[in-house]
Amino acid sequence: MKAKVYVTLKPSVLDPQGKAIQHSVEQLGFGGIEDIRQGKYFEIALDESVSDGDARAAAERMAREVLSNPVIEDFRVEVER
Amino acid sequence: MKFGVIIFPGSNCDHDAYHVISKHVGQPVSFVWHKETDLSAYDAVILPGGFSYGDYLRAGALARFSPVMRSVKEFAARGGLVLGICNGFQILCEAGLLPGALMRNRDLHFRCEHVRVRVESVDTPFTNELSRGDLLSLPIAHAEGNYTCDDATLAEMQREDRIIFRYCDAAGDVTDESNPNGSRDSVAGVCNRARNVMGFAAISPRKCLSVAARASERSRPPLPNS
């Protein structure tokens, strides 16, 4: 099974990388883009015997303590069998 | 006064710090490999600049889990002096020994240049031989030097005189143009509430460490194990 963790900058934090990406995308000819925010994505492969609840709890702890910095980032966890 | 310079995999200013302490400050100094856990021989530890763990995940994020960091936390709690320079500042923030975080520079560039910083507080063992308002010209070399923290933390640090250095221009004025990386409130260095842990975004062991050593001779907080 897989736990997926999405780490994104808090809305209050400026994202210069996102701005640079937006600029490049616009150079490609895309219009109507209001904003691009970038982040990080982690796929954590877990033993099939782990319950969904335990997998979610483990991934949330990993996300909180390692994968994200709570000063500047938020995270979201999905569990998939 | 005995100094320890911690070496993480990827530290690259460790020898600079060692050299400055031994040759210019004239104090005993040893390297401390990141897997060591006994800091009882030291009065001050330095987390040097570099790219610990390749800056993987976030700058300083993985060094926080090195065995020595648990000891650094205990050392700091006992009043030992802890100085984080550049990557060391990032590690101290990630480890929760200092508030805030260091993000990508606002212009996304790796900035390697001399900047001016203004001394904002001399009420630390690292800066008490300086005068408030002194201007220092120091090198920076970082891509993640953009200091940020929330409003409450910034207000608290301002109230408690814990912003130690700010980026400024040649006249000593703190302006947006003289802020090389977008740091909030032009912050270049901060200390903890107990004032024995300081992080500094510039990487000049030669200047800032000799200041630290001389200063700490004068006003030493309680030593570890004492």
Side-chain angles (χ1 to χ4, degrees), chain A residues 2-28 30 33-47 54-80, chain B residues 52-53 55-66 69-70 73 87 89-111 142-157 176 179-187 190 192 199:
Chain A
K2 253 182 214 163
K4 299 179 172 177
V5 180
Y6 301 84
V7 176
T8 50
L9 287 170
K10 286 181 190 292
S12 59
V13 173
L14 293 175
D15 181 7
Q17 292 183 78
K19 282 276 170 252
I21 294 163
Q22 178 180 348
H23 182 68
S24 294
V25 169
E26 284 168 347
Q27 294 282 21
L28 202 57
F30 289 99
I33 300 169
E34 290 189 358
D35 196 20
I36 293 183
R37 310 270 295 171
Q38 51 82 47
K40 291 181 185 138
Y41 170 64
F42 302 86
E43 264 187 17
I44 303 163
L46 293 159
D47 196 305
D54 285 352
R56 175 172 292 279
E60 284 182 352
R61 193 166 156 236
M62 290 179 218
R64 194 164 46 244
E65 296 183 13
V66 186
L67 306 180
S68 74
N69 179 337
V71 176
I72 48 174
E73 292 167 328
D74 293 324
F75 65 85
R76 180 165 59 84
V77 171
E78 290 173 5
V79 172
E80 187 178 278
Chain B
S52 56
Y53 294 88
D55 274 356
Y56 297 158
L57 190 62
R58 299 176 302 275
L62 301 185
R64 169 162 71 100
F65 297 98
S66 276
M69 285 309 293
R70 183 185 295 261
K73 281 190 178 179
N87 187 229
F89 186 15
Q90 295 162 336
I91 296 168
L92 291 175
C93 287
E94 283 281 347
L97 283 164
L98 290 173
L102 290 140
M103 301 179 47
R104 280 292 289 272
N105 295 346
R106 75 179 150 187
D107 63 4
L108 300 174
H109 292 172
F110 187 96
R111 301 288 294 256
H142 57 230
E144 279 101 9
N146 180 356
Y147 184 82
T148 190
C149 61
D150 61 26
D151 295 347
T153 304
L154 185 67
E156 179 187 296
M157 288 199 298
D176 193 51
N179 183 342
N181 49 35
S183 286
R184 187 145 193 215
D185 204 25
S186 289
V187 165
V190 300
N192 65 344

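A quick note: this is a predicted structure, and the numbers were derived from the prediction, not measured.
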Near B/F110 CZ, under 6.0 Å, is it more than 12 heavy atoms from other residues, nucleotides or ligands?
->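 Above 12, so yes.
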For B/R70, does the CZ atom have more than 12 heavy-atom neighbours from other residues, nucleotides or ligands under 6.0 Å away?
->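 Open: at most 12 neighbouring heavy atoms sit under 6.0 Å from CZ of B/R70.
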Checking A/E73 against chain B: side chain, backbone, both or neither under 4.5 Å from a heavy atom?
->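 Just the side chain, heavy atoms under 4.5 Å.
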Bottom line for A/K19: the part with an atom under 4.5 Å from chain B's heavy atoms is neither
Carboxylate-amine/guanidinium contact B/D176 B/R106, below 4.0 Å =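 Salt bridge: yes.
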Do B/D150 and B/R184 meet the salt-bridge criterion of a basic N to acidic O distance under 4.0 Å?
->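 So B/R184 does not pair with B/D150 through a salt bridge.
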Measure [X] against the heavy atoms of chain A and call it side chain, backbone, both or neither at under 4.5 Å.
X      : result
B/A101 : both
B/L57  : both
B/N105 : backbone

Inter-residue atom distance A/D74.CG - A/N69.CG, 0.5 Å rounding |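 Reported to 0.5 Å precision, the distance equals 11.0 Å.
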For chain B, the option from A/L14, A/V7, A/L67 that forms the most heavy-atom pairs under 4.5 Å = A/L67
